[in-house]
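Residue numbers start at 1 and run along the sequence shown. As a basis for the values below, the full set of heavy atoms in this structure was taken, side chains included, without hydrogen atoms, waters or symmetry mates.
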Amino acid sequence: MFIFLAAVSALISAAVEIRFFTKNKSFQNGLLLTLKNLVLVEFLSLAAVKYILKYPHFVSTEGSSAKEFIIFFIVSLIIGLVLRLLSALIVGHLAIWEVEESESKGKKAVRIISVILFFSGCVLLFGTMWGADTFGKLTGDQVVINMLSPAEGSDTSTYITIVEGPVFNTFLLTTIFAFIDFRKFKIVYKKIRETKTVFGYGAKRWVCLILALSMLIGGGYYGYKGFSIDKLTNGYFADSNALDEIYVNPKETKINFPEKKRNLIHIYLESLENSYFSKDIGGFMDMNLMPELEELSYSGIVFSDNSGFFGGPLAGTGTQWSCASMVNQNTGLPMKVPAKTDSYSSKEEFLPGAYSLNDLLHDEGYEQTVMFGASAAFGGLDSFYTNHGNVKVFDYTYAKENGYIPKDYSVWWGYEDDKLYEFAKQEITRLYETGKPFNFAMETADTHMPNGYLSKNAETPYDNQYANVIAYSTSQTVEFINWIMEQPFYENTTIVIIGDHISMETNFFKHYRFTDDYLRTQYNCILNPAPSVSNPSEKITRNRKWSNWDYYPTILAAMGCEIEGNRLGVGTNLFSGEKTIFEEKGVDYINKEFEKKSDLYNKEIFKAE
């Protein structure tokens with residue numbers, strides 16, 4: 001198909017050359033020119049497929065979308081017409097003449113305005129393209145929340161891609177545009193005895209203005225759709241009382257703990273989703289990237305959104321990034337657009353009105369630690385955990401300050417998961433030796449985008465680095481859990497494992513040609529729950545519509561707690577079999593309503609009014 005489309009472009013290019021730039025219009029000469037265009041345009045177009053568009057194949061088009069064909073045809077057509085223009089300039093059919101013309105201040109202002117408009121359009125276009133290529137589908141609320149949250153401790157490779165991507169592209173195209181806009185010239189068509197202006201200086205000025213407006217409108221529309229700005233505006237200007245009607249205040253809810261309180265180990269696996277399993281067990285891959293995790297899962301409880309064993313939570317508003325996921329699972333709430341700009345950046349306050357799982361366990365006498373291989377300052381997680389339950393934060397900064405790693409040590413986001421698991425073993429042992437019930441949470445990082453961090457200890461059986469990272473990372477998770485199972489505290493310890501959100505590593509999904517009809521969901525599994533919920537029926541675990549916030553009461557139930565009403569925040573105890581808010585009111589309805597402004601959230605959770 002690509003070869004055929006390139007041939008069509010070549011024929012159009014040949015027709016333009018024969019009609020406007022060739023004196024000898026004989027059949028033989030026309031045939032030679034057509035063959036020349038076919039060879040040049042065909043090879044250059046296919047080179048564009050391989051090196052610029054970077055499509056996997058150009059001979060086999062199986063699995064290619066209509067969008068890919070359209071983009072290729074446009075690129076191929078441009079290649080053919082640019083070749084004709086260059087050829088005409090070289091042989092003298094067309095000429096670019098400088099124009100000596102004074103112009104008014106108004107005309108100069110139009111040129112300056114054109115450059116500003118073009119620059120703004122490029123920022124919107126390339127910024128949105130970078131966001132989509134780097135993080136996948138982002139929403140405006142996610143962008144705003146992350147912009148207003150602390151960025152300390154983030155991986156520098158992300159900033160490098162910003163400079164090399166949208167910043168460079170914007171300045172490159174704007175420089176070229178400004179050069180053309182401010183240059184005084186016209187294009188003339190040279191016949192045998194006369195020349196004719198085909199593109200005058202005045203026309204060029206208007207074309208530049210129209211092009212700048214088109215770039216601004218096109219970039220703005222692309223950004224509006226790409227970042228779902230309508231959802232962001234809803235967060236500030238559209239009101240909804242849906243959350244107010246659903247919300248159950250955990251602090252005012254009766255929660256009974258078992259006589260012997262169970263320990264909790266909560267493992268957030270960065271970007272881990274069910275698609276990494278093989279197709280025969282509900283994944284998308286031809287091979288199973290996580291065989292060890294598959295085997296371990298069968299000994300635990302998995303809540304699936306489908307009729308198969310492996311499935312997970314559905315994406316809810318304010319759930320699909322690391323900080324949001326932790327907030328969801330600990331407070332039973334979506335992470336919403338802040339009512340005040342410092343709502344997530346203040347060291348003293350982070351959702352001050354929320355009563356989290358950590359707050360509850362603190363009040364019940366638990367010893368608590370959360371561990372990261374990165375700086376917990378990123379996204380304000382250090383504030384969240386210290387302000388809710390006074391949790392000990394063992395992160396990259398703590399590891400350096402306390403001699404776990406050298407002060408100048410820096411790998412990936414801080415230190416790699418190989419070290420994280422070793423430090424976790426030491427910290428869990430310390431928690432156990434306090435004699436108190438304990439809550440230990442940790443988040444891995446090696447499977448973070450871009451492309452993941454491949455340990456020097458990892459094998460590389462696959463042709464894709466991220467696939468190798470997933471395979472090694474999950475095998476290390478299982479090895480860590482096997483260690484936990486051998487410890488004296490395991491019998492009274494519940495382990496919760498969940499992918500924090502679906503992956504943002506877009507190149508991986510392009511490489512394996514994921515299709516939109518496959519629903520990607522986070523991996524989840526609960527191991528060694530309390531006897532009261534250890535054998536749920538398939539009616540409870542299969543075909544469930546749930547989201548991250550449902551894990552708050554579900555985790556407590558897995559620890560043997562009895563929850564009055566089986567709901568905390570907006571989350572429902574999945575073990576109870578009662579309908580979640582997704583099941584009760586519909587996924588689309590809840591997500592749309594949660595996009596909107598909530599008086600309860602602003603007044604009671606943000607404490608903004």
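Counting only distance, with no hydrogens or angles, the side chain of Thr317 and the backbone of Phe594 share no donor-acceptor pair below 3.5 Å. Between the Glu367 side chain and the Phe438 main chain, no donor and acceptor come within less than 3.5 Å of each other. The closest donor-acceptor contact from the side chain of Asn263 to the backbone of Tyr366 lies at 3.5 Å or more, if one exists at all. Between the side chain of Ser299 and the backbone N or O of Glu295, no donor-acceptor pair lies under 3.5 Å.
Residues Tyr466 and Thr447 have side chains that never bring a donor and an acceptor to within less than 3.5 angstrom of each other. Using modelled atom types, one finds a donor on one side chain and an acceptor on the other under 3.5 Å when comparing Asp500 with Ser322. In the model, Glu294 has a side-chain atom that pairs as donor or acceptor with a side-chain atom of Tyr298 under 3.5 Å. Under the 3.5 Å distance criterion, with hydrogens and angles disregarded, a donor-acceptor pair is assigned to the side chains of Ser325 and Gln329. With 3.5 Å as the limit, one finds no donor-acceptor pair spanning the side chains of Lys419 and Tyr404. Looking at Asn358 and Asn330, their side chains do bring a donor and an acceptor atom within 3.5 Å of each other. Side-chain contact annotation: Thr580 with Asp550, donor-acceptor N/O pair under 3.5 Å absent. In this structure, a donor-acceptor pair under 3.5 Å is absent between the side chains of Thr474 and Tyr523. A donor atom on one side chain and an acceptor atom on the other are not found under 3.5 Å apart for Asp382 and Tyr398. Between the side chains of Ser278 and Asn288, no donor-acceptor pair of N or O atoms lies under 3.5 Å. Side-chain contact of Gln320 with Gln522: a donor-acceptor pair under 3.5 Å is present, judged by distance alone.
Below 30°, between 30° and 60°, or above 60°: for Trp483 and Phe480 the angle between ring planes is below 30°, a parallel geometry. Using a 30° and 60° split on the angle between ring planes, His448 and Trp413 fall in the tilted class, from 30° to 60°. Taking the six-membered ring where tryptophan is involved, the planes of Phe303 and Trp546 are perpendicular, since the angle between them exceeds 60° and thus also 30°. Taking the six-membered ring for Trp and thresholds of 30 and 60 degrees, Phe508 and Phe514 have ring planes inclined between 30 and 60 degrees apart. Ring planes of Tyr432 and Phe489: tilted class, angle from 30 to 60°.
In summary, Lys585 and Glu593 do not engage in a salt bridge, as defined by a charged side-chain N under 4.0 Å from a carboxylate O. We find that Arg430 and Glu433 are not joined by a salt bridge, their nearest charged nitrogen and carboxylate oxygen being 4.0 Å or further apart.
By the 4.5 Å heavy-atom criterion applied to side chains, Tyr552 and Asn328 are not counted as neighbours. Counting heavy atoms from C-beta outward, Val327 and Phe350 have side chains that approach closer than 4.5 Å. Two residues are said to be in side-chain contact when any heavy atoms from C-beta on lie closer than 4.5 Å; Glu416 and Asp446 meet this criterion. Considering only heavy atoms from C-beta on, Val370 stays 4.5 Å or farther from Glu443 through its side chain.
Within a 6.0 Å sphere centred on CG of Asn457, heavy atoms belonging to other residues, nucleotides or ligands number more than 12. Within a 6.0 Å sphere centred on CD of Glu562, other residues, nucleotides and ligands contribute 12 heavy atoms or fewer. More than 12 non-hydrogen atoms from other residues, nucleotides or ligands lie less than 6.0 angstrom from NZ of Lys261. Within a 6.0 Å sphere centred on CD of Gln426, heavy atoms belonging to other residues, nucleotides or ligands number more than 12.
Listed here is the closest heavy atom pair of Tyr276 and Ser271: OH-O, 2.9 Å.
To the nearest 0.5 angstrom, Ser297 atom OG is 7.5 Å from Met290 atom CE. Atom CG of Asn528 is separated from atom CZ of Arg262 by 5.0 Å, given to the nearest 0.5 angstrom.
Tyr512 and Phe284 have their aromatic ring centers separated by at least 6.0 angstrom.
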Stepwise ring pair (Phe, Tyr, Trp, His ring centres under 6.0 Å) test for Trp549 and Phe582
CA-CA 11 Å; Trp549 48 65; Phe582 272 177; 5.6 Å; yes
Salt bridge (Lys or Arg N to Asp or Glu O under 4.0 Å) between Glu422 and Lys425, intermediate numbers included
CA-CA 5 Å; Glu422 290 307 310; Lys425 292 175 184 178; 3.4 Å; yes
Check the pair Thr331 / Phe384 against side-chain contact (heavy atoms from CB on, under 4.5 Å), numbers first and verdict last.
CA-CA 11 Å; Thr331 67; Phe384 175 64; 4.0 Å; yes
